[in-house]
Amino acid sequence: MRGIPTVSIEKHLVFGLGLTALAGAVIGLTSPSSHMALPVLFGLISLAAVKWAVRTRPLRWFDPLVWMVLPLSVMFVARPLALLAAGQLFYRGYDLSHSFDQVMLIAVGGLVALCGGYAASWPASIARRTRPVAANCDEAKMTTSAYVLVMLGAAGYAVFAAKSGLSPAAFLSQGIPQGQSGGSQGSTAYFYLAPLFILPATLLLLHAGLRRHSASLLGLSATLLVVMLAAFAPTGSRFETLMFAGAYLIYPLISYDWRPPVWLVVLGLCVVLIFVQATAGASSGVQSVHNPSLGRAIADTVEHPARSAEQLVLGPTIEMFDGLGVEAQVVPSELGYHPLTSLTTVLAAPVPRSVWGSKPYVAEAKIDAAAFGVTAGSASVAFSVLGGFYYDSGAIGVLLGMALIGALLRFISEYLSLYRSSAIGRLMLSATLPLVLVLARGTLSSTLAQAIFVVAPIPVVGAVAAIQITRSGSRAA
């Protein structure tokens, strides 16, 4: 599938951003409060970018730019407006009014840089020159590869459990404890992420089941997905788990070009929001989906929708604006800037801390330690993808970092648009889009780490299972 010409992309995007920036400036001049104007400006630019992508890009709603802009809009439009409406501008001892406008200007600049990077022409050129994915694959080899991925996931987690003094059986009975999101992960490199191999395995089995009309393969893929949900959802990784479950739903949507009715989309969003809010309240003590307290939390969420909605908007699930507001008050005044930290943490992440004792912690861990007294390596406040770039080099770091992410999203969009007719291309797109959401909320290093287990195995399977078709239509030897 061919994308629209690059010149057209740049012209439409720049024109749309110019109009929304002008409208935002008018609102800012006429608004009695810049606190209100800047989130509105962010929302206008987001709306223009999403509308343009859906109308002009081949992947439409499945374009990576859409999946990056929408969560950023929740963080920097819905959240700050909700805080203003509720009058809750104090966060863990910090007055967010002192850094409100600064954070919003950083966010607006990052969004414009993201769109500018996406509009660049060089990522599309690289995508067209990149090695294509396999057009035809042996279904039996793909299914076998799925089984191999499941075994690799189990073996990798067993290594992590052994190094961390845990019982491997706890994975199924209790899930992954929240404490493993910090220092113990860093000491064992990426082994704690090994169960994520199950995600591409579920997608491969889902593809094979749909292609062969096999109830057994479809049942097996669904069972593996439930195992993922049971292990990750209620133990502090609920947001990522919902995104991974989304990959399971994305694949049939893009494979059959199905347009679900509006009522079904609304119902699905309600289920997601209920699950997110319920697990947000239960994650502090729940270690298994079989624990009655999680069911009670879900029931309470349904019984009190207004209160649950307020807790969702003002609670820790979308606290990135608050976190960035705190960061702006301690960086650079207390911590200073740390150029190239975004790059060094990505390169250092695969090395176990047991091998490299002075391995640097990610920016978020250092900010948490300075602002809240949290031990480095422990899970705490989320700062969004902007936070790491700001810690790196301030506003300049945000502009450069978000521009590079925009270019990366453009490469992904162009590349997977070219090979959407291929099963491997569709599987890669299905696995990639949820990670774009994770990136918007989290960090570049953690998202790339997850991509190694979630996305990277799929083109490898495609290369292993590729079938060469001769001109006569028969398989090559």
Side-chain angles (χ1 to χ4, degrees), residues 62 131-161 168-169 171-172 175-176 190-233 237 240-256 416 419-435 438 449-468 475:
F62 297 105
R131 180 178 178 178
V133 301
N136 300 281
C137 293
D138 187 299
E139 300 290 339
K141 289 184 178 180
M142 292 178 70
T143 303
T144 301
S145 299
Y147 300 145
V148 172
L149 287 173
V150 172
M151 290 187 289
L152 286 175
Y157 183 78
V159 172
F160 165 71
F171 171 74
L172 295 176
I176 296 183
Y190 285 160
F191 286 116
Y192 73 100
L193 289 176
L196 299 186
F197 274 136
I198 296 175
L199 177 61
T202 61
L203 292 178
L204 289 167
L205 292 172
L206 175 63
H207 164 76
L210 292 173
R211 187 71 178 268
R212 302 180 189 178
H213 303 286
S214 171
S216 60
L217 290 176
L218 291 175
L220 179 57
S221 68
T223 300
L224 290 174
L225 180 63
V226 170
V227 171
M228 288 284 290
L229 293 173
F232 287 94
S237 300
E240 290 84 348
T241 302
L242 280 173
M243 299 305 100
F244 298 152
Y248 193 83
L249 300 177
I250 291 172
Y251 182 74
L253 290 177
I254 62 177
S255 295
Y256 296 99
L416 296 183
Y419 305 108
R420 190 178 175 185
S421 60
S422 164
I424 295 297
R426 295 193 300 272
L427 288 168
M428 290 177 64
L429 178 61
S430 302
T432 299
L433 291 180
L435 286 179
V438 174
Q450 292 172 333
I452 292 174
F453 295 86
V454 173
V455 180
I458 297 175
V460 174
V461 170
V464 171
I467 298 173
Q468 299 297 327
R475 294 186 181 186

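This one's a predicted model, so the numbers in the text were calculated from it and none came from an experiment. Side chains are part of it too, since the values below use all heavy atoms of this structure and drop only hydrogens, waters and symmetry mates.
Within the structure, salt bridge (Lys or Arg N to Asp or Glu O under 4.0 Å) contacts touching residues 144-153 (residues at least two apart or in different chains) do not occur. Evaluation of the side chain to side chain donor-acceptor pair (under 3.5 Å) test over residues 216-230, restricted to residues two or more places apart or in two chains, returns Ser214-Ser216, Ser221-Tyr248. Applying the salt bridge (Lys or Arg N to Asp or Glu O under 4.0 Å) rule to pairs touching residues 192-216 yields Glu139-Arg211, sequence neighbours excluded. Sorted by first then second residue, the side chain to side chain donor-acceptor pair (under 3.5 Å) pairs that include residues 423-432, not counting sequence neighbours, are Ser255-Arg426.
Rounding to the nearest 0.5 Å places CG of Leu416 at 5.5 Å from CG of Leu429. Leu206 contributes atom CG, which lies 7.5 Å from atom OG1 of Thr202 (distance to the nearest 0.5 angstrom). Taken from CG in Leu435 to CG in Leu196, the straight-line distance is 8.5 Å, to the nearest 0.5 Å. Cys137 SG to Ile424 CD1: the interatomic distance, rounded to the nearest 0.5 Å, is 4.0 Å. Atom CG of Leu149 and atom CZ of Phe453 lie 11.0 Å apart (nearest 0.5 Å). Rounding to the nearest 0.5 Å places CG of Leu253 at 5.0 Å from CZ of Phe62.
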Name every donor-acceptor pair, under 3.5 Å, that has one atom in a side chain of residues 224-231 and the other anywhere in the protein, sequence neighbours excluded.
none

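Using a 4.5 Å heavy-atom cutoff, the side chains of Met142 and Leu427 are in contact. The closest side-chain heavy-atom distance from Val148 to Leu152 is below 4.5 Å. At a threshold of 4.5 Å between non-hydrogen side-chain atoms, the residues Leu210 and Leu218 count as touching.
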Would Tyr147 and Leu205 satisfy side-chain contact (heavy atoms from CB on, under 4.5 Å), going step by step from the backbone distance to the final call? CA-CA 9 Å; Tyr147 300 145; Leu205 292 172; 4.0 Å; yes
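Residues Pro457 and Pro200 share a closest heavy-atom pair of CG-CG, 4.2 Å. Shortest non-hydrogen contact noted between Ala146 and Ala201 is O-CB, 3.5 Å.
The side-chain contact (heavy atoms from CB on, under 4.5 Å) search around Ala431 returns Leu203, Val454, Val455, Ile458, not counting sequence neighbours.
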